Amino acid sequence: MAFGFKLLISLFEPIYKRIIYVYAKIYSRTYALAYKVFDAESRERRICQHLVFDSANENAGSVAVREYEETALSWGEWMNSKEVVEDETVGRARGKSFTQVGGHAGAFEKNGSTIKKLADPAELEFYEKVNNAVATGDSTRAWPVKFLPAFSGVTVNAEGKKQMILENLLDGYTKPCILDLKIGTETVGEDAKTEKVFRMMWRDVKSGAILDGVRLVAMSVYHPRAGKELSTAKKAGDKINEQASLETILGFFLSDGDRLRWRNVNQFLSTLEALLEAFEENHTYKFIGSSLLFVYEGSNIALAKAGLHNKCDLHMIDFAHVAEEFAPIHPVWQVLVEYHITGGTL
Ligand SMILES: Nc1ncnc2c1ncn2[C@@H]1O[C@H](COP(=O)(O)OP(=O)(O)OP(=O)(O)O)[C@@H](O)[C@H]1O
Ligand SMILES: O=P(O)(O)O[C@@H]1[C@H](O)[C@H](O)[C@@H](OP(=O)(O)O)[C@H](OP(=O)(O)O)[C@H]1O
C-alpha cells in the first residue's frame, strides 16, 4: 500500500513539480526578472536615502535618532521574545566557529585575514569563473570582484574535504556589527527538490521577500553604551512581517543604540549604488540565494584608537545557487513588470 502510494507520488512528481514551478515563476517573475536583485538594492536605497536625508543636518539628524530610538524600543520588545534574539554564547553553542551570523554551522574555519569555507562545487565554480574572467579580460563572465570576498584558491582539510580560501571580511574589526540580507524575490533554484521549493517559497512569502526582494538572514549588533552584543536567532527573518518591519530592523542595525551612525549609512549607500549599476549591466548571472553582508565597527574606542570616524564594508556572499545564462526578459514580461512598477498606469 505504502509502496503503491510512493510509486504514485513519484510518477506524478515531475508533473506537480512543474506546476509549482510554473506557478512560482508566474507569481514571482513579474517582479523577479526585472525587479529581482535590483529591487533588493533599490529598496535598500530608499531606506538608506531616507536615513541620509534625515541625517543631512544636525537637527534633522537628531530627529532621525529619536525616531530610531523609538523603533529600537519596539525591537526591544521583540527581542524579549527570545525566539528572535540570542546572546553570543548560544551562537557559539550552535557551532559557529567565528562571528558568523547566518549559514551552516561547521562550514567555516577562521585563519587570520582569511577564512576557509567548505567548498560547494557550484560556489567554487562561481569564484573561479569570475576571477578567471577578470584575469583573462572575459567581459561576458566577469562580475566586479571588488564586491566579493577576495578568493585565493583552494585547500584540503584534515578530513580530506575541499575548502575555499576567502578574505575574512571581519578582519581588522574589534566589535564587528554584521547584517546578512538575502537578496531576490525567489530564493530557491530550479534544481531543488519539490519539498524544498515549497518550503523556501513559503519562507519568501512569509518574510515578505517575494515582494521586497530582501529577507533578513541574521544580524549581530554591538551597542557600546549598553555594552551589549545581540544576535538574531536562526530563521528570525522569517518572522519579520509578524514582528517588525525591515525598516525597523535596518534602523536598529544602523544605530549605536543612541544615535544613527550616518557615516556608515552614506558609505553603504554609495556601495549599493555601485552594486546596482553592476546589476543593471549584468546579463550573465542570476543570483539565487546570495546575500549582502554589511559590516561596521561597533566599538567607538577602537575607532578612536585608529583615528577613524567610522569603518564599514559591504560585500556579496553565498554563491551556491548562482545560475549562468540569465535569460533576457521576454517583451511580454517586460510590459507586465513595467505595468506593475508604475502601479498599473501604463
Ligand atoms: N568572507 C567572509 N568573511 C567573514 N564572514 C563571512 C564571510 N562569508 C560568510 N561569512 C559569515 O558566514 C555567514 C554565512 O555565510 P554564507 O551564507 O556564505 O554561508 P553558507 O553556509 O553557504 O550559508 P547558507 O546556509 O545560506 O547556504 C554570513 O552570515 C557571515 O556572517
Ligand atoms: O540562509 P537561510 O535563510 O537559513 O536559508 C537557507 C539557505 O537558503 C541555504 O542556502 C539553503 O541551503 P543550501 O545552500 O544547501 O541549499 C538552506 O536550505 P536547507 O534548509 O535545505 O539546508 C536554507 O534553509
Side-chain angles (χ1 to χ4, degrees), residues 17-44 47 84 100-105 107 117 120-123 125-126 143 147-148 178-219 232-243 245-246 249-250 272 275-276 278-279 282 284-294 314-327 329 333 337 340:
K17 194 167 168 184
R18 201 64 226 146
I19 294 171
I20 295 164
Y21 229 85
V22 170
Y23 166 78
K25 290 284 173 252
I26 292 170
Y27 190 67
S28 62
R29 228 172 218 210
T30 38
Y31 306 94
L33 284 183
Y35 232 83
K36 200 163 182 72
V37 177
F38 302 82
D39 187 46
E41 277 77 54
S42 60
R43 184 178 163 81
E44 272 294 295
I47 295 161
V84 179
Q100 176 195 342
V101 295
H104 293 95
K117 182 179 179 188
D120 171 279
E123 185 167 35
E125 192 188 324
F126 175 75
W143 177 258
F147 298 127
L148 317 180
I178 311 160
L179 169 70
D180 180 332
L181 277 189
K182 188 154 286 205
I183 53 175
T185 50
E186 43 174 312
T187 58
V188 64
E190 297 205 16
D191 53 339
K193 295 217 168 82
T194 313
E195 174 275 326
K196 186 160 182 179
V197 172
F198 263 126
R199 182 159 48 85
M200 297 302 280
M201 276 175 56
W202 172 238
R203 294 180 67 191
D204 292 341
V205 171
K206 212 172 152 213
S207 65
I210 198 147
L211 297 174
D212 298 338
V214 247
R215 162 156 71 79
L216 171 73
V217 174
M219 74 171 171
T232 47
K234 206 164 163 55
K235 308 264 186 275
D238 294 6
K239 303 187 184 95
I240 264 186
N241 282 339
E242 293 163 29
Q243 317 226 11
S245 70
L246 188 64
I249 285 167
L250 278 176
L272 287 170
L275 247 177
L276 190 60
F279 280 118
N282 164 49
T284 310
Y285 298 112
K286 182 174 173 183
F287 294 92
I288 300 270
S290 296
S291 286
L292 296 177
L293 193 73
F294 296 75
L314 170 55
H315 288 85
M316 286 181 76
I317 56 162
D318 203 355
F319 305 105
H321 303 286
V322 176
E324 216 184 301
E325 268 130 46
F326 189 78
I329 187 160
W333 284 124
V337 168
H340 182 83

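Any value given below was found using the heavy atoms of this structure, including those in side chains, with hydrogens, waters and symmetry copies removed. Only a predicted model underlies this, so the values are computations on that prediction, with no experimental measurement involved.
Residues Ile288 and Thr187 approach most closely at CG2-C, 3.7 Å, considering heavy atoms. For Val197 against Ala192, the heavy-atom pair with the smallest separation is CG2-O, 3.8 Å. Between Val101 and Met219, the shortest heavy-atom contact is CG1-C, 3.9 Å. Heavy atoms only, all atoms of each residue included: Gly289 and Asp318 are closest at O-OD2, 3.6 Å.
The aromatic ring centroids of Tyr285 and Phe126 lie less than 6.0 Å from each other.
A distance of 10.0 Å separates CE in Met200 from CD in Glu195, rounded to the nearest 0.5 Å. Residue Leu179 holds its CG atom at 8.5 Å from CG of Leu292, rounded to the nearest 0.5 Å. In this structure, the separation between CG on Leu148 and CG on Leu293 is 12.0 Å, given to the nearest 0.5 Å.
Ring-plane geometry between Trp143 and Phe287 is classed as tilted, the angle between the planes lying from 30 to 60 degrees on a 0 to 90 degree scale.
Under the side chain to side chain contact (heavy atoms under 4.5 Å, CB included) criterion, Ala122 pairs with Asp120, sequence neighbours left out. Legend: residues meeting side chain to side chain donor-acceptor pair (under 3.5 Å) with Ser291, ordered by chain and number and at least two apart, are Asp180.
With a 4.5 Å cut-off on side-chain heavy atoms, Ile183 and Met316 count as touching.
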Show your working on side chain to side chain contact (heavy atoms under 4.5 Å, CB included) between Lys182 and Asp204 and close with a plain yes or no.
CA-CA 10 Å; Lys182 188 154 286 205; Asp204 292 341; over 6 Å; no

